[in-house]
Each structure stands twice: as structure tokens, then as C-alpha cells.
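Below is one structure, written out as C-alpha cells, with a few remarks after it.
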There are 2 protein chains.
Amino acid sequence: MSVNDVVYRKSRQRQKIYDLIKDMQNHPTAIWIYNSLKEEIPSLSLGTVYRNLNILLEQGLIHKVSFDGNCDRFDARIESHHHLICEKCGAVDDIFLPRVSDIYKDALKDKKFKITHHRMDFFGICEKCAKK
Amino acid sequence: MSVNDVVYRKSRQRQKIYDLIKDMQNHPTAIWIYNSLKEEIPSLSLGTVYRNLNILLEQGLIHKVSFDGNCDRFDARIESHHHLICEKCGAVDDIFLPRVSDIYKDALKDKKFKITHHRMDFFGICEKCAKK
DNA sequence: TTGATAACAGTAATGATTATTAAATATTTT
DNA sequence: AAAATATTTAATAATCATTACTGTTATCAA
């Protein structure tokens, strides 16, 4: 462990925040997490939510995704996956597309750019919104 | 033309903003555009830049892209393309990957989601930053 | 040319996020 | 187990990007 690493003690708040994100499928926002836990932990502060989200990010336990114009959303799914974003209601669903790297390896072989990861989002209308 | 449609008059400011975005390859931010045009139009206001960016978006003349944690960037390239984002210096480069839709058409054929467009961003280290 | 209204500059307001601080809580040491 | 030490918390203030408001100016059709 390097000198710069911080040892995080456990806290009820952080545990609850993580559990909530892990249980949700719809990539909650900070304010949504705050409102959801407010009932169980009335003293909870929005700043605490943000601080703990950053700690969880740093620990690699969650991911952050932000879509144009909206606030950040958080996700406890660590495996590589992609998103379906409804442009009507803002709902975010996950999809898994295997072998995405195949398509870019070829196209990028003459570019001098070292790719560490990628992100692929699909925008459109979800089933629910299409119905009404 | 529907009653709700607005007729846009031409304005020097909006034209300059659009020209600037079109000439740049590096997806400028609102504040960068503002600073760049300030010399030519000293009276320019940052609010005017934002308002006109939104009008240009509405007209479909530019696109908006925002990468995690940073401010929005704008792009006058309307054709479908993808991004290479350097995680060190924040530079954004374009790449064109043909036939991306092939990989998801198959994976999504049982999902009831109507895709209108997609976005694919690659993160990593650019040539310049790799050198130093 | 003129009347209607979009666009302007300037500024205030908003919304999301981060920083600060004193008090509460968790770990380590005695 | 109690004291010492370090971290987390809640509350609040600060910051940054973006949008809304206000009074003035510019555009354009009649």
C-alpha cells in the first residue's frame, strides 16, 4: 500500500449507498440516492452521498456515467457493458455486447492512441414510452 | 411550419459561433468559444454563446457531447462518427468506424427498444501525452 | 419607415457538485 | 475498558457550468 493511499473505515452511510446502487438496475443519481435513504437515515446529508460516491468510485466499486445535459448517474455493475437510454423518460438499461473491441481494433491500428476503455450508449425510445 | 416553431433571424454572433465550431476540429467548449470571439466581438456575452449554441443544436447544425465530469463540448460534424478522448490532456479527436450498427442489430433484436442514434467514445492516452 | 419581436449584453438565479468545519463515530493504543 | 487518534458525518458555504430575466438594440416583413 502506497503512502498516498487512504484507509477507509466502514460507515453505515457508505454501505447503504453501495447496497442501494447494487440493488438498483436503473443507475440512480446522487439526489435520488439521497431521497431514498433519507427515510432510513433521516440525518443523511447530500454532501455525504457525494463524498461516498467518490470514495466508491476511487475504490472501483461503482462506475459513473453522465449523459448529455443531465446529472451524473452511478452504477455498481463493473463488468463491461453498454447502455440503452430512453430520450423520453431518461431511463437507463444495460445491454451486453460481446466483441465490441473487434470493430475498432482494425480501424485504429494506424492511429497512435492507446485505448484503455470505451463507452457505448444507445439513445432512443423505450418500450414503455413507445406504448403511450 | 407549426405555430410553435420560431423563426430565427440571422445574427452576427450566431454565425461567428457556428463558423468557429465548424472550423475547429477539437470540439470547443462554451467558454472557449466565448474567449475566442471576445477579441473580435468585445461586447459578446457568455449567455449569448450558450443561447446560440442551444439554437444551433435545435436547428441540428451542431451536436453536443459531454464527457464525464467536464463541461459540454460542441461539434459541427453532423455525420456519424466516434471519439478518441485523451484522459491526460482532455483532447478530443474524431474517428469514423463504419458498420457499427452491425454489432448491435443482432444483440438487440429481442429488446423492445427503438434506437435513434448511438454514441461511442474511446478513452486512453493520446500520442502527445504518451511521449512525455 | 415602422411595428412586432428576436437577439443582444449584463446580471441574477439555478442546479449539480465540491470544500470546509465542528461534532460524532470508529479504530488503535494504553 | 478507557483514552488517544484518525475518519466520517451533517450542515453549510463555495464553486462551476448553465439558464433565466431585464431593458435595449437589431432584423425583417408589411
Side-chain angles (χ1 to χ4, degrees), chain A residues 1 3-21 27-59 61-75 90 92, chain B residues 1-19 21 27-59 61-75 90 92:
Chain A
M1 188 167 67
V3 237
N4 289 320
D5 285 335
V6 185
V7 178
Y8 294 109
R9 296 177 178 171
K10 57 181 158 184
S11 84
R12 175 161 170 253
Q13 285 84 340
R14 184 157 62 248
Q15 188 61 50
K16 288 284 173 195
I17 290 168
Y18 178 62
D19 289 345
L20 188 61
I21 299 172
H27 308 64
T29 62
I31 190 73
W32 187 92
I33 294 167
Y34 171 72
N35 288 325
S36 300
L37 293 178
K38 194 75 188 173
E39 196 179 341
E40 191 175 351
I41 312 171
S43 67
L44 186 68
S45 154
L46 185 54
T48 298
V49 174
Y50 275 107
R51 189 169 32 73
N52 282 303
L53 286 171
N54 284 327
I55 291 172
L56 292 170
L57 278 171
E58 195 184 313
Q59 295 177 321
L61 291 171
I62 62 171
H63 280 168
K64 178 163 79 168
V65 283
S66 50
F67 305 107
D68 293 346
N70 297 316
C71 58
D72 293 342
R73 288 171 172 273
F74 300 85
D75 186 356
V92 181
Chain B
M1 187 168 67
S2 112
V3 243
N4 289 319
D5 285 335
V6 185
V7 179
Y8 294 110
R9 297 173 180 171
K10 61 178 157 184
S11 86
R12 177 162 169 249
Q13 285 83 341
R14 183 155 64 249
Q15 187 61 51
K16 287 285 173 194
I17 289 168
Y18 178 62
D19 289 346
I21 298 172
H27 307 65
T29 61
I31 189 71
W32 188 92
I33 293 168
Y34 171 72
N35 288 325
S36 300
L37 293 178
K38 194 75 188 173
E39 195 179 342
E40 191 175 351
I41 312 172
S43 67
L44 186 69
S45 155
L46 185 55
T48 298
V49 174
Y50 274 107
R51 190 168 31 73
N52 281 303
L53 286 170
N54 283 329
I55 291 173
L56 291 169
L57 278 172
E58 197 183 310
Q59 295 176 320
L61 291 170
I62 61 171
H63 280 168
K64 177 163 80 167
V65 284
S66 52
F67 306 108
D68 292 346
N70 297 315
C71 58
D72 293 343
R73 289 172 171 272
F74 299 85
D75 187 356
V92 181

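In the text below, chain A, chain B and the rest are named by the order of the sequence lines, each starting its count at 1. In this text, all values refer to a predicted model and were calculated from it rather than measured experimentally.
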Open item on the list: With a 4.0 Å cutoff (strictly under), does any side-chain N or O of A:T48 reach OP1 or OP2 of D:dA10?
Closed with: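 Checking D:dA10 against A:T48, a side-chain N or O does come within under 4.0 Å of OP1 or OP2.
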- [ ] Indicate whether OP1 or OP2 belonging to C:dA9 is found under 4.0 Å from a side-chain N or O atom of B:S43.
- [x] yes
To the nearest Å, give me how far apart [atom1] ([X]) and [atom2] ([N]) are.
| X | N | atom1 | atom2 | answer |
| --- | --- | --- | --- | --- |
| A:L37 | D:dT8 | CG | P | 18 Å |
| B:D72 | D:dA17 | CG | C1' | 8 Å |
| A:N35 | C:dG15 | CG | C1' | 14 Å |
| A:L53 | D:dT8 | CG | C1' | 15 Å |
| A:Y34 | C:dT17 | OH | C1' | 15 Å |
| A:L46 | D:dA13 | CG | C1' | 14 Å |
| A:N52 | C:dT25 | CG | P | 16 Å |
| B:Q15 | D:dT27 | CD | C1' | 15 Å |

From [options], nucleotide with atom closest to [X] side chain:
| X | options | result |
| --- | --- | --- |
| A:C71 | C:dT17, C:dA7, D:dA11 | C:dT17 |
| B:N54 | C:dT17, D:dT19, C:dC8 | D:dT19 |
| A:R51 | D:dT8, D:dT18, C:dA9 | D:dT8 |
| B:S11 | C:dT27, C:dG10, C:dA7 | C:dA7 |
| B:Y50 | D:dT8, D:dA17, D:dA10 | D:dA17 |

Open item on the list: For a 4.5 angstrom cut-off between non-hydrogen side-chain atoms, does B:D72 reach B:V65?
Closed with: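 Heavy-atom side-chain distance check fails, nothing below 4.5 Å.
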TODO: Please examine the side chains of A:Y18 and A:L20, heavy atoms only from C-beta on, and report whether any two atoms are closer than 4.5 Å.
DONE: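 Side-chain contact under 4.5 Å: no.
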- [ ] Please determine, by modelled atom types, if B:H27 and B:D75 share a side-chain donor-acceptor pair under 3.5 angstrom.
- [x]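 Result is yes, a qualifying pair exists.
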TODO: Scan side-chain atoms only and decide if B:N54 and B:E58 contain a donor-acceptor pair under the 3.5 Å cut-off.
DONE: no
Open item on the list: Between A:I41 and B:T29, which residue's closest nucleotide on DNA chain D lies nearer the 5′ terminus?
Closed with: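 Final value for this comparison: A:I41.
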- [ ] Select from B:Q13 and B:G47 the residue whose nearest nucleotide in DNA chain C is closer to the 5' end of that strand.
- [x] B:Q13
Open item on the list: Can you tell me whether the side chain of A:R9 and the base of D:dA6 have a donor-acceptor pair closer than 3.5 Å?
Closed with: yes
Open item on the list: Against A:I33, only a single residue in A:I17, A:L44, A:L46 fulfils side-chain contact (heavy atoms from CB on, under 4.5 Å); can you say which?
Closed with: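 With A:I33 as partner, side-chain contact (heavy atoms from CB on, under 4.5 Å) holds for just one option, A:I17.
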Open item on the list: What contact category does B:L44 fall into here, base, sugar-phosphate, or nothing, at under 4.0 angstrom with non-hydrogen atoms?
Closed with: sugar-phosphate
